[in-house]
Protein chains: 2
Amino acid sequence: MTRSIGAIAQQTGLPPDTLRYYEKIGLLRKVARDPGGRRRYDDADLSRLRFIQRAQRCNFSLGEIRELLELRDRPGPPRSEAQRLTERKLAEMAQQLADLNRLHGELQLLLNLCRGGEEGCPIIEGFEAGDVERPAR
Amino acid sequence: MTRSIGAIAQQTGLPPDTLRYYEKIGLLRKVARDPGGRRRYDDADLSRLRFIQRAQRCNFSLGEIRELLELRDRPGPPRSEAQRLTERKLAEMAQQLADLNRLHGELQLLLNLCRGGEEGCPIIEGFEAGDVERPAR
DNA sequence: TTACGACCTGGAGTCAGCTCAAGGTCAAGG
DNA sequence: CCTTGACCTTGAGCTGACTCCAGGTCGTAA
């Protein structure tokens with residue numbers, strides 16, 4: 001059973017333009033066509049799209065997702081490669097979390113000072129004075 | 001005391017192109033020129049640039065920083081506006097933190113499964129099966 | 001037959017935040 | 001006088017992930 005681009009757009013929530021875009025950049029390799037040249041998506045395509053959507057929700061970029069899809073396509077257990085990618089992504093996210101956490105704390109501090117009354121504006125002054133530290137980057 | 005664009009680039013770590021860019025988009029309003037037309041940065045410019053850099057490290061976009069700078073420029077305590085901006089940013093960051101945390105947990109789970117031996121690849125399969133949840137977004 | 005809606009293509013535009021390239025000017029040093 | 005190096009301007013290019021547009025085609029229905 002195959003579906004038109006419109007039907008797939010409905011099912012996935014991805015606009016037709018995005019579906020064509022995914023195909024163009026090779027995430028979806030050549031989708032089958034009907035005699036009139038319109039795209040017909042089969043179950044494998046749908047499954048691939050679902051995969052893309054889930055991986056994207058886990059903060060993988062389209063480039064990384066392409067790598068994962070290649071692993072998925074290759075026969076045999078891809079295991080270690082996928083692990084490597086995931087470990088890298090986890091490390092990245094841990095770093096982001098740490099940075100974000102620290103910044104959040106600093107900003108919260110500034111805001112609390114600000115609410116504490118007194119003169120001036122600790123937020124503005126904080127950025128002027130430099131008591132806000134730089135990230136590890 | 002004023003400095004050339006090269007000197008300011010040294011002091012701030014921002015490349016000359018970026019300094020000219022900041023001026024172009026109005027973060028730095030017209031920088032003074034010498035008789036030959038070259039930019040001369042004064043202490044106020046430097047302080048402004050430091051402000052920009054610190055706010056940027058706190059995840060404010062250049063657009064938001066422009067708002068903060070306008071507040072800073074206006075006489076009188078800007079307080080409540082800066083508070084509002086900061087509260088919004090804090091809320092945004094809290095949301096990002098929550099999302100990132102959840103994703104990190106899910107990915108870690110997948111990776112642990114993966115290291116546990118057995119058949120197949122839980123990472124790949126996780127994205128296929130859909131046990132990874134969607135963000136609140 | 002004609003209209004309509006869904007689809008097709010290629011290519012351009014969007015956002016942020018730079019970054020670079022080409023071609024011109026200017027001041028100081030040898 | 002000539003070269004070098006820092007600077008100037010305008011305008012284009014980059015990344016990622018779309019998003020939109022114009023103009024053309026296809027299939028079905030009235």
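Just the heavy atoms: all of them, side chains too, but no hydrogens, waters or symmetry mates, feed the values below. Remember, predicted model here, so these are calculated numbers, not experimental data. By convention in this document, chain letters (A, B, ...) are assigned in the order of the sequence lines, proteins followed by strands, and residues within each chain are numbered from 1.
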Of all the nucleotides listed ([options]), which has the minimum atom distance to the side chain of [X]?
| X | options | result |
| --- | --- | --- |
| A/R33 | D/dC18, C/dT9, D/dT9 | C/dT9 |
| B/R39 | D/dC8, C/dC8, C/dG17 | D/dC8 |
| A/R20 | D/dT9, C/dC7, C/dG11 | C/dC7 |
| A/Q56 | D/dC20, C/dG17, D/dA17 | D/dA17 |

Whole-Å gap separating [atom2] ([N]) and [atom1] ([X]):
| X | N | atom1 | atom2 | value |
| --- | --- | --- | --- | --- |
| A/I25 | C/dG11 | CD1 | C1' | 17 Å |
| B/L62 | C/dT19 | CG | P | 12 Å |
| A/I65 | D/dC18 | CD1 | C1' | 14 Å |
| A/Y21 | C/dA12 | OH | C1' | 15 Å |
| B/Y41 | D/dC8 | OH | C1' | 12 Å |
| A/K24 | D/dG16 | NZ | P | 15 Å |
| B/L19 | D/dA6 | CG | P | 16 Å |
| A/R40 | C/dA6 | CZ | P | 14 Å |

Which heavy atom of [X] sits nearest a heavy atom of [Y], and at what distance?
| X | Y | answer |
| --- | --- | --- |
| B/I52 | B/I65 | O-CD1, 3.7 Å |
| A/L19 | A/L28 | O-CD2, 4.3 Å |
| A/I5 | A/P16 | CD1-O, 3.7 Å |

The single option from B/R29, B/R48, B/R33 that satisfies salt bridge (charged side-chain N to carboxylate O under 4.0 Å, His left out) with B/E23 is B/R33
Does OP1 or OP2 of C/dG17 have a side-chain N or O of B/Y22 closer than 4.0 Å?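 Negative; the distance criterion is not met.
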Which part of the nucleic acid, if any, lies within reach of B/E64 when heavy atoms closer than 4.0 Å are counted: base, sugar-phosphate only, or nothing? nothing
Under a 4.0 Å N-O cut-off, is there an ion pair linking A/K30 with A/D45? no
Any carboxylate oxygen within less than 4.0 angstrom of a Lys/Arg side-chain nitrogen, looking at B/K89 and B/E67?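 No, B/K89 and B/E67 are not salt-bridged.
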Between A/G37 and A/S61, name the one whose nearest nucleotide on DNA chain D is closer to the 5' end. A/S61
Contact nearer the 5' end of DNA chain D, comparing B/S4 with A/T18: B/S4
Show each protein N/O and nucleotides 24-30 of chain C N/O combination with a separation under 3.5 Å, one pair to a line.
| unit_1 | atom_1 | unit_2 | atom_2 | d |
| --- | --- | --- | --- | --- |
| C/dC26 | O2 | B/R38 | NH2 | 3.3 |

Decide if atom CD of B/Q10 counts as having more than 12 heavy atoms of other residues, nucleotides or ligands within a radius under 6.0 Å.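 Not more than 12 within 6.0 Å, no.
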